[in-house]
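The figures here come from the full heavy-atom set of this structure, side chains too, leaving out hydrogens, waters and symmetry mates. The residues of the chain are indexed from 1 along the displayed sequence.
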Amino acid sequence: MMKSDEIAKAFLHEMNPTNWNGQGGMPAGFDARTLEFITDMPDVLLDISFEFCMEDNSTFQWEHCCELVQESSDTIIERVYGYGIDSVQNLTDTINYLLEGNLK
C-alpha cells in the first residue's frame with residue numbers, strides 16, 4: 001500500500017489538478033468521482049471523493065470524503081469527512097485518522 005501522503009498527492013493530482021480551493025467557478029479539471037486505493041487490510045479498500053456538504057450554518061462547502069469499504073460486499077465500514085479540497089496535509093490527516101482507527 002502507498003503511504004497516506006502519497007495517496008493524498010495522487011488523489012489531488014488526478015481529481016483536482018489545478019489545486020482549486022472550492023471558491024468561485026469550478027475549473028474544468030475538477031472531478032468529484034471516487035477513486036479507490038488498496039489498503040493493508042484484507043478485503044478493504046480506501047475510497048476517496050469530493051462532496052458538496054451542508055455546514056451547520058446552512059451554507060455549502062466542498063469537503064473530501066474518505067471511506068473504508070469491504071470489497072467483497074461493497075459495504076462501507078467507516079466514513080470520515082475532512083475540510084479542504086486542495087491540501088495534501090488535510091487529506092493525509094484524514095486518511096491517517098481513518099486507517100489508524102480501523103487497524104486491527
Side-chain angles (χ1 to χ4, degrees):
M1 179 182 129
M2 297 167 57
K3 294 179 182 179
S4 297
D5 64 327
E6 294 170 335
I7 292 171
K9 287 175 187 174
F11 176 81
L12 291 173
H13 177 75
E14 179 72 23
M15 306 309 269
N16 189 9
T18 62
N19 208 33
W20 181 54
N21 68 1
Q23 303 296 313
M26 182 187 301
F30 184 77
D31 192 340
R33 290 179 295 163
T34 301
L35 283 185
E36 292 181 340
F37 295 89
I38 296 170
T39 70
D40 290 337
M41 294 174 273
D43 194 36
V44 176
L45 297 173
L46 170 64
D47 286 0
I48 306 175
S49 62
F50 294 124
E51 294 192 16
F52 200 54
C53 301
M54 185 187 302
E55 302 300 307
D56 291 337
N57 63 1
S58 298
T59 62
F60 287 87
Q61 172 178 306
W62 282 100
E63 297 178 350
H64 59 262
C65 176
C66 298
E67 299 172 329
L68 290 180
V69 178
Q70 184 177 26
E71 187 176 16
S72 60
S73 66
D74 202 30
T75 302
I76 296 171
I77 299 168
E78 186 171 356
R79 176 184 295 143
V80 178
Y81 291 91
Y83 66 92
I85 61 170
D86 61 346
S87 169
V88 170
Q89 186 61 56
N90 289 351
L91 182 53
T92 300
D93 290 346
T94 303
I95 293 167
N96 284 335
Y97 175 82
L98 183 63
L99 292 176
E100 289 169 6
N102 285 280
L103 289 175
K104 305 281 188 235

Sorted by chain and residue number, the side-chain hydrogen bond (donor to acceptor under 3.5 Å, both in side chains) partners of Ser4 (sequence neighbours excluded) come out as Asn96
Kindly work out whether a path of hydrophobic side-chain contacts (I/L/V/M/F/W/Y, heavy atoms less than 4.5 Å apart) joins Met2 to Leu98.
-> yes
Could you note down all residue pairs passing side chain to side chain donor-acceptor pair (under 3.5 Å) where residues 59-73 supplies at least one of them, sequence neighbours left out?
-> Asp43-Gln70, Asp43-Ser72, Asn57-Thr59, His64-Thr94, Glu67-Arg79, Gln70-Ser73, Ser73-Thr75
Anything under 3.5 Å between a donor and an acceptor, one on a side chain of residues 8-18, the other on a protein residue two or more places apart or in another chain? List them.
from	atom 1	to	atom 2	distance (Å)
Asn16	OD1	Trp20	N	2.9
Asn16	ND2	Trp20	O	2.8
Asn16	ND2	Ile85	O	2.9

For the student: nearest non-hydrogen atoms of Leu45 and Ile38, plus distance | CD2-CA, 4.2 Å
Only pairs at least two apart or in different chains count here, so list each salt bridge (Lys or Arg N to Asp or Glu O under 4.0 Å) that has a residue in residues 49-61.
-> none
Leu91 and Cys66, any side-chain heavy atoms less than 4.5 Å apart | yes
Hydrophobic cluster of Ile76, others only, ordered by chain and residue number, side-chain cut-off 4.5 Å | Val69
Identify every side-chain donor-acceptor pair in residues 28-35 under 3.5 Å, counting partners at least two apart or on other chains, and give the distances.
from	atom 1	to	atom 2	distance (Å)
Asp31	OD1	Arg33	N	3.0
Asp31	OD1	Arg33	NE	3.0
Asp31	OD2	Arg33	NE	3.0
Asp31	OD2	Arg33	NH2	2.5

Out of curiosity, Met26 CE to Phe50 CZ, how far, rounded to the nearest 0.5 Å?
-> 10.5 Å
More than 12 foreign heavy atoms under 6.0 Å from CZ of Phe52: is that the case here?
-> yes
Applying side chain to side chain donor-acceptor pair (under 3.5 Å), which residue pairs with at least one partner in residues 82-93 are found, sequence neighbours left out?
-> Gln89-Asp93
Shared ILVMFWY cluster between Tyr97 and Tyr81, side chains joined below 4.5 angstrom?
-> no
Could you grab the distance from atom CG of Leu99 to atom CG of Leu46, nearest 0.5 Å is fine?
-> 6.0 Å
Report the residues that fulfil side-chain hydrogen bond (donor to acceptor under 3.5 Å, both in side chains) with Glu36, sequence neighbours left out, ordered by chain and then residue number.
-> none
